[in-house]
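Numbered from 1 within each chain, the chains take letters A, B, ... in sequence-line order. Note that these values count all heavy atoms, side chains included, but never hydrogens, waters or copies made by symmetry.
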Number of protein chains: 2
Amino acid sequence: MSTNSRMSVAVHVLAWIAYDRRGTDKEVGTSERIATSVNTNAVVIRRTLGQLKTAGLVEGSRGRSGGWQLARDAATITLLDVYRAVGEGEIFALPSAPPDPECYVGYGIHDVLTKTYRDAQRALCEELEKVTVADVLHNALALYITRSGH
Amino acid sequence: MSTNSRMSVAVHVLAWIAYDRRGTDKEVGTSERIATSVNTNAVVIRRTLGQLKTAGLVEGSRGRSGGWQLARDAATITLLDVYRAVGEGEIFALPSAPPDPECYVGYGIHDVLTKTYRDAQRALCEELEKVTVADVLHNALALYITRSGH
DNA sequence: TCTAATGTAACTGCGACTGTTACGTGATAA
DNA sequence: TTATCACGTAACAGTCGCAGTTACATTAGA
């Protein structure tokens, strides 16, 4: 499957912002700094942040000392929110060319598949809804502490 | 998301083969005939059938009067079998470039995401497992009868 | 007003998928 | 035995989406 990594980038970005940096020299979350952690280009981060902003998950301010903040508490942002924010659509695609309507099977197959896919995707979304950005951040930090020896 | 339509094509193909054509002039299921119903090229169908064959879902015979048959009863082939047969991989991808290991968040984020994705995908697979090729065929035929007036 | 950050257009490179042609291989009907 | 028919697969083109990058306008605080 040829999926994209926007979901992963978005969650990383949100977890990064959620991490409390008060008292450090990197207090302000800029696209440049976030890009360093994600290891990509700042424009990629800004594109993702634009989607998260449209979805009401983050707030950005321009100009000097601008940057990004969460619009809601990290514990209230689920991965389903993120999934929808980054515009992830259908997991399964129907062929671009419609099937032969004269064929007994072809006539209704697309409608049947559409319904089946919808059910499957609902199950996926319910699972994503169980996990919040705060969970992800917590688990990531736990790994940092237990594994890296810092 | 930029998914492919292999899953849809594969299910269509299996449902087409599962449909009982005894007594008709189209008794033998060839890639050419199946392609007509799916409205695509026969080679595309053969590629898909090759994967289904490898997975043990269909059996093909070559030569004159060759064609395709199901290797198992349609009621025992689930959409999860198909999903695996066509080599659908991960729904969500991680970025190709690894995150910054020096960053508190970047250090463990990929492992956390991987686990979360696995849980979500498991839920999806469980849903696909509930539906069989026989179900799809049955529902598609029902639509043909109730809607088309045939 | 200088500086630093966002917002976005535009372009490139890359890879995956679909569709197509072509041809070799295998098996059977005649 | 041979002609026919269907699979198996390589090879190629066209399309599309994503990721990365550069460039520049816009915005707003120090």
Side-chain H-bond candidate by donor/acceptor type, B:S37 with A:Y104, under 3.5 Å | no
Count the heavy atoms belonging to other residues, nucleotides or ligands that lie under 6.0 Å from NE2 of A:H110, then report whether that count exceeds 12.
-> yes
If you measure from the Lys or Arg side-chain nitrogens to the Asp or Glu carboxylate oxygens, is any gap between B:D111 and A:R147 under 4.0 Å?
-> yes
Quick one: label A:G63 by what it contacts on the DNA or RNA (base, sugar-phosphate, nothing), any heavy atom closer than 4.0 Å.
-> base
Over how many whole Å does the gap from A:Q51 atom CD to C:dT6 atom C1' extend?
-> 16 Å
Within the modelled atom types, does a donor on one side and an acceptor on the other bring the side chain of A:R62 and the base of D:dT27 under 3.5 Å apart?
-> no
What's the CD-P distance between A:E32 and C:dT6, to the nearest Å?
-> 8 Å
Lys/Arg N to Asp/Glu carboxylate O, B:R72 vs B:D81, below 4.0 Å = yes
Given atom CG of B:L49 and atom P of D:dT9, what is their separation to the nearest angstrom?
-> 12 Å
Is the closest side-chain heavy-atom distance between A:V9 and A:V13 below 4.5 Å?
-> yes
When you check the phosphate oxygens OP1 and OP2 of D:dC7, does a side-chain N or O of B:S31 lie under 4.0 Å from one of them?
-> yes
May I ask you to verify if any side-chain N or O of B:T40 is less than 4.0 angstrom from the OP1 or OP2 atom of C:dG19?
-> yes
B:T30 vs A:S65, nearer the 5' end of DNA chain D by closest nucleotide | B:T30
What is the distance, rounded to the nearest whole Å, between atom CD1 of A:I34 and atom P of C:dA5?
-> 12 Å
B:R47 CZ to D:dA10 C1': how many Å, rounded?
-> 10 Å
side-chain N/O A:K53 vs C:dT6 OP1/OP2, d < 4.0 Å | no
In whole Å, what is the span from the CD1 atom of A:I45 to the C1' atom of D:dG20?
-> 12 Å
Just to confirm, is there a sub-4.0 Å distance from OP1 or OP2 of D:dA19 to any side-chain nitrogen or oxygen of B:S96?
-> no
Of all the choices, D:dA23, D:dC7, D:dG20, which nucleotide is nearest to the side chain of B:R46 once you look at every atom?
-> D:dC7
Can you find a donor-acceptor N/O pair under 3.5 angstrom joining the side chain of B:R64 to the base of D:dC5?
-> no
What integer distance in Å separates B:R33:CZ from D:dC7:C1'?
-> 14 Å
Which of these nucleotides, D:dC7, D:dA10, D:dA19, is closest to any side-chain atom of B:V43?
-> D:dA10
Kindly point out which of D:dA30, C:dG19, D:dA19 is positioned nearest to the side chain of A:R6?
-> D:dA19
To the nearest Å, give me how far apart CG (A:L94) and C1' (C:dT18) are.
-> 15 Å
Answer yes or no: does a side-chain N or O of A:S5 lie under 4.0 Å from OP1 or OP2 of D:dA19?
-> yes
Go through C:dG19, C:dT6, D:dC7 for me and flag the one nearest to the A:W68 side chain.
-> C:dT6
Quick one: do B:D119 and B:K115 make a salt bridge, cutoff under 4.0 Å?
-> yes
Using a cut-off of strictly less than 4.0 Å, decide whether B:N4 has a side-chain nitrogen or oxygen near OP1 or OP2 of C:dC17.
-> yes
